Amino acid sequence: MYAQLEANKKELTSNIAGTIKDEAALEDKKNYIGTCKVCGHVLRIVQTDSGRFVGCTGYPDCRNSYPLPKAGALTVLRSKECKKGGAAVLKVGNKYNWAVGIGPCFTCDLEKECYPPETVGPCPECDGSMFLINFKDTRFLGCTKRCGYTHSVPKTGKLTLLDKTCETCGWKLFRLKDGDRLKKSSV
């Protein structure tokens with residue numbers, strides 16, 4: 001038995017070390033991405049002096065890795081799955097989503113299917129629906145068919161769409177939390 005252990009020492013050591021790395025990566029929920037499709041080890045976010053990327057804990061035997069955006073805080077969206085087979089979906093800051101192994105979701109032809117806009121109600125000008133559009137300094141309602149119809153909303157405060165609808169216009173009501181004040185209103 002000793003001779004067999006001695007003959008397979010390198011492989012045994014590698015397996016034990018790989019298991020320890022996998023367990024440590026699984027416990028690090030912030031950087032854990034998923035399972036490597038190449039070798040079955042754990043994929044995790046790796047930070048280096050020159051940047052960051054998703055790498056496999058099976059390194060150096062497995063060199064599977066994926067690039068990540070250079071800037072922006074990364075949050076793993078555990079409830080989202082990439083329909084194109086990306087290893088995971090990350091939120092980059094508050095700006096956009098990134099499919100690991102695919103790239104930014106805003107360049108994907110399935111983005112509207114994966115992240116459909118939450119509609120407020122019917123567009124008064126065409127057969128489209130109105131949805132909330134957020135930019136850095138402004139927000140407003142726009143038509144999904146891009147007919148040009150827009151509607152203003154309060155510029156500040158947190159808007160939350162409710163399930164109740166306005167009896168007059170048929171649009172969803174929203175809650176506006178502006179500081180300590182709470183209002184319910186129709187858009």
Side-chain angles (χ1 to χ4, degrees), residues 28-35 37 43-45 47 51-54 65-187:
D28 184 8
K29 297 292 183 200
K30 182 180 173 193
N31 293 314
Y32 170 74
I33 296 296
T35 304
K37 293 177 183 175
L43 291 174
R44 63 186 175 96
I45 298 172
Q47 304 267 353
R52 59 189 178 183
F53 62 94
V54 171
S65 66
Y66 304 101
L68 289 174
K70 294 186 187 323
L74 299 175
T75 306
V76 181
L77 301 177
R78 305 262 179 241
S79 62
K80 290 282 184 187
E81 279 188 35
C82 177
K83 293 185 179 191
K84 286 200 168 180
V89 178
L90 307 176
K91 182 78 171 171
V92 182
N94 282 331
K95 297 182 180 177
Y96 60 94
N97 294 329
W98 181 280
V100 175
I102 306 293
C105 294
F106 60 79
T107 62
C108 180
D109 57 333
L110 298 177
E111 181 191 23
K112 284 194 167 91
E113 188 179 323
C114 295
Y115 307 100
E118 186 174 12
T119 59
V120 175
C123 176
E125 297 291 318
C126 72
D127 64 343
S129 297
M130 300 300 288
F131 72 103
L132 185 64
I133 299 171
N134 283 301
F135 288 112
K136 185 177 181 181
D137 298 328
T138 189
R139 63 185 174 194
F140 57 93
L141 296 176
C143 178
T144 55
K145 298 271 180 138
R146 297 183 177 167
C147 73
Y149 185 82
T150 61
H151 191 82
S152 64
V153 294
K155 303 285 182 233
T156 60
K158 181 180 179 187
L159 287 177
T160 306
L161 289 177
L162 305 174
D163 289 332
K164 295 181 182 179
T165 56
C166 174
E167 293 176 12
T168 307
C169 67
W171 286 5
K172 289 184 180 179
L173 296 177
F174 69 91
R175 179 180 331 153
L176 174 65
K177 186 169 184 180
D178 191 14
D180 293 333
R181 299 180 325 179
L182 184 64
K183 297 180 188 176
K184 285 186 181 174
S185 178
S186 67
V187 184

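Residue indices begin at 1 and follow the sequence shown. Nothing here was measured: the structure is a model prediction, and the numbers come from that model.
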Would you compute the distance between atom SG of Cys166 and atom CZ of Phe174 and round it to the nearest 0.5 angstrom?
11.0 Å
Could you pull out all residues at least two apart from Ile133 that satisfy side-chain contact (heavy atoms from CB on, under 4.5 Å)?
Phe131, Phe135, Phe140
Quick one: does Pro124's side chain get under 4.5 Å of Tyr149's, heavy atoms only?
yes
To the nearest 0.5 Å, what is the distance between OG1 (Thr75) and NZ (Lys91)?
9.0 Å
How long is the gap from OH on Tyr32 to CD1 on Ile45, to the nearest 0.5 Å?
12.0 Å
Find out whether Tyr66 and Leu43 are in side-chain contact, i.e. whether some heavy atom of one side chain is under 4.5 Å from a heavy atom of the other.
yes
Would you give the length of the straight line joining atom CG of Leu132 to atom OG1 of Thr119, rounded to the nearest 0.5 angstrom?
11.5 Å
Could you check Leu161, Leu173, Val153 and say which one makes a side-chain contact (heavy atoms from CB on, under 4.5 Å) with Val120?
Leu161
Compare all side-chain heavy atoms of Val100 with those of Val76 and state whether any distance is below 4.5 angstrom.
no
Could you tell me whether the side chain of Trp98 and the main chain of Val89 form a donor-acceptor pair under 3.5 Å?
no
For the residue pair Val92 and Ala71, what are the closest heavy atoms and their distance?
CG1-O, 3.6 Å
Rounded to the nearest 0.5 Å, how far does CG of Asn97 lie from CD1 of Ile102?
13.5 Å
Does atom NZ of Lys155 have more than 12 heavy-atom neighbours, drawn from other residues, nucleotides or ligands, at distances under 6.0 Å?
yes
Kindly determine whether Cys147 and Cys123 satisfy side chain to side chain contact (heavy atoms under 4.5 Å, CB included), including the steps that lead there.
CA-CA 9 Å; Cys147 73; Cys123 176; 3.7 Å; yes
State the NZ-CD distance between Lys145 and Glu125, to the nearest 0.5 angstrom.
14.5 Å
Side chain Thr144, main chain Ser129, donor-acceptor under 3.5 Å:
yes
I'd like to check Leu110 versus Lys84 (side-chain heavy atoms, cut-off strictly below 4.5 Å). Are they in contact?
yes
So, for Tyr115 and Lys80, which heavy atoms are closest and what is the spacing to 0.1 Å?
CE2-CE, 3.4 Å
Whether the side chain of Arg78 engages the backbone of Ala88 through a donor-acceptor N/O pair (distance < 3.5 Å, no angle test) should be reported.
no
Within the structure provided, determine whether Cys105 and Cys114 are in side-chain contact (heavy-atom separation under 4.5 Å).
no
Does any part of the side chain of Pro122, heavy atoms only, come nearer than 4.5 Å to the side chain of Met130, both counted from C-beta?
no
